[in-house]
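Written out below as C-alpha cells is the structure these notes cover.
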Amino acid sequence: MTLDRCAGLIETARALAAGEVTSRALVERALARIEATQGTLNAFRVVRAEAALAEADAADRELSRGVRRPLLGVPVAVKDDMDVAGEPTAFGCAGAHPAVAEDGEAVRRLRAAGAVIVGKTNTCEFGQWPFTEGPAFGATRNPWHTGHTPGGSSGGSAAAVAAGLVPAALGSDGAGSVRIPASWTHLVGIKPQRGRVSTWPRGESFQGITVNGTLARTVADAALLLDAASGNHPRDPHRPPAVDALAAVGRDPGRLRIALALKPPFTAVPARLLPEVRDRVVALAATLAGLGHTVEEADPPYGRIGLTFVPRATAGIAEWVAEAPFPALLDRRTHGAARLGRLLGGAPLRAARRAETVLHRRVGRFFETYDVVLAPTTAAPPPRIGALLELSGFATDRAMIAACPYAWPWNVLGWPGVNVPAGFTPAGLPVGAQLLGPAGSEPLLLSLAAQAEADLRWHERWPEPLVTDSPAA
C-alpha cells in the first residue's frame, strides 16, 4: 500500500502499525517533497535528512518487534523556536547558530510517542510578525497562492502541512502564531491552555503569552499531536490538569450557546473586519446554528486588554535579544521592540501580569452566558509576499493590527482556542475562524470543531500540488 499526501497523522500511524508501509519509505518521501518544494514554499530552516532516516530505521525495527506507540515512525516537523538535540535553534534569526545539546520538553515527548522529526520549519525573527520572511532564510510561501504569505509566525509549519510535506507539525502561538497561519492555509490550528504543552527550557515564553500548539488538516490529527506533545517538565510553572484531546473529537458537544464576536478588541490603531472574511465567518455561524446550537452576536468584555499585552510581548522580545548570539544581525524592528520592552519591563510588566487575574474574572463571567466564542481569526486574507517586510516598526505594527486584531487576547488570558477553516475569499485565499473557550476547555472546543468538520468536510480540499510523487514513493 502507498499512502498519498491525503493521509493524515492518524491514518499514517495506523498504516505503520498494520505493516502496510515502512517509516523509512514515509520519511524518504517527506524528505523528497521537502527538497522538491524548498525552492518554492521554503518551509524548512533545518532538514534532518540523515538523522531522520536513521530514526525511521529504528522505528521500523520497533514496529517489526510489535512495539506500538501513538506516533511510532510517523514523520512530523517542529518550528524553529523549539530545541532539537544536535540542531541549532535560530528562531528565525540570521547567523550560524550553535547546535543545542538536548531536546526541548515538547520535542522529547514527541520522540517518546515515536515521532520522527524530519526538520525545523521557518519562522520570522523571534516569532514577532504574522508573516514568515526575513534575511536569514528568505520568504516562506503559501501553498494555496505562492505570491502570498502563509502567515506567521508558525508559517513554515503551516506551509509544510498544507502542502502535504508532513501530516502535522508543532508551532507556537504568542499572539495568534498558530491560529493565524492555520487560518491562512486552510488548516486546523490548536492553541492550547497555557502549560498544556511545555515550552521548556523556558518555563514561560514571552512572559507567559506564548504556548506551543499543533497544526494539521483535521481536528482528530491536531488532537492526536496535541496529546502526544502534552505534558510538563518538573520545573514548569504552569501545569494544567490533563485532558484527552483525541477522545473529545468523537463526542457530541451537545447544544451550545455560541457568541459570535465580530468586533475587534481594543487596539490603539484602527482595525476593520473585511467583508470577504466576515461573510465566511457568518456562514460558519449559520452552519453551527444549523447543527442545533444557539448563535447570537455578542462580544466578550475585553476592555483595554491590549495595555496588558504590550509589556509582556515586548519584554519577551527584550529577553530573547539579550541572549542573541548575533545581535548586530537582528532586524531594526526587533531592536525597537526590545528597547520598548526594557522600558516596560519593570512596574508596567508587573502591573500587566497582575491584571490577568482581573481579566480572568471579567471575561470568565461571559462564559456564564455562553459556552463558546466564535470569532474571526484574522480581519483580512493573507497579504502578498513582501507587503510588510520593509516597513518601519510603527508601520509594521499598524499593518499587523489591521490584519490580525482578534487572536492575541486569548494569549493574555492563557486559555485555549482552535482555528477552523471557514472557506475562501472570492480570490481563492483561505480564511479561518476561532472557537474560543475558558480555561481547560479544549475538549469542548475540539468536539465542536469536529462536528463542524464532519458537516463541512474542509479537509477534502487541497491546494494544487507543487510536486508529484513518483509511483515508487
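Keep in mind that the numbers below use all heavy atoms, side chains included, and drop hydrogens, waters and symmetry copies. Everything quoted here is computed from the prediction, not taken from an experiment.
The ring of F91 has its center no closer than 6.0 angstrom to the ring center of H97. For W144 and H186, the gap between ring centers is short of 6.0 Å.
With K79 as the partner, the side chain to side chain donor-acceptor pair (under 3.5 Å) test is satisfied by one option alone out of S157, S177, S172: S172.
The minimum heavy-atom distance between A223 and I190, with the atom names listed, is N-CD1, 3.9 Å. Annotation for P192 and G213: closest pair CD-CA, 3.8 Å, computed over non-hydrogen atoms.
A salt bridge links E55 to R111: one of the charged nitrogens lies within less than 4.0 Å of a carboxylate oxygen. R333 and E125 are not joined by a salt bridge, as no carboxylate oxygen comes within less than 4.0 angstrom of a charged side-chain nitrogen. Taking a cutoff of 4.0 Å between a charged side-chain nitrogen and a carboxylate oxygen, E105 and R109 qualify as a salt bridge. Between R69 and E62, at least one side-chain nitrogen of the basic residue sits less than 4.0 Å from a carboxylate oxygen of the acidic one, meeting the salt-bridge criterion. Between R194 and E356 a salt bridge is recorded (basic side-chain N to carboxylate O distance below 4.0 Å).
For E50, the CD atom counts as loosely surrounded, since its 6.0 Å shell holds 12 or fewer non-hydrogen atoms of other residues, nucleotides or ligands. With a 6.0 Å radius and a threshold of 12 heavy atoms from other residues, nucleotides or ligands, Q38 has its CD atom above the threshold. When the shell of 6.0 Å around CZ of R235 is examined, it contains 12 or fewer heavy atoms from other residues, nucleotides or ligands.
When only modelled atom types and interatomic distance are considered, D83 and T89 share a side-chain donor-acceptor pair under 3.5 Å. Side-chain contact annotation: E453 with W458, donor-acceptor N/O pair under 3.5 Å present.
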Given side-chain hydrogen bond (donor to acceptor under 3.5 Å, both in side chains), test D80 with N122 step by step and report yes or no.
CA-CA 6 Å; D80 191 34; N122 276 323; over 6 Å; no
May I have the step-by-step check of side-chain hydrogen bond (donor to acceptor under 3.5 Å, both in side chains) for T199 and N212, ending in yes or no?
CA-CA 7 Å; T199 54; N212 291 331; 5.7 Å; no
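Judged by the 6.0 Å distance and 45° axis criteria, R461 is positioned over the aromatic ring of F424.
Between F131 and W129, the two ring planes are parallel [angle under 30°; tilted spans 30° to 60°]. In this structure, F309 and W408 have tilted ring planes: the angle between them lies in the 30° to 60° band.
No donor-acceptor pair closer than 3.5 Å links the side chain of H238 to the backbone N or O of G203.
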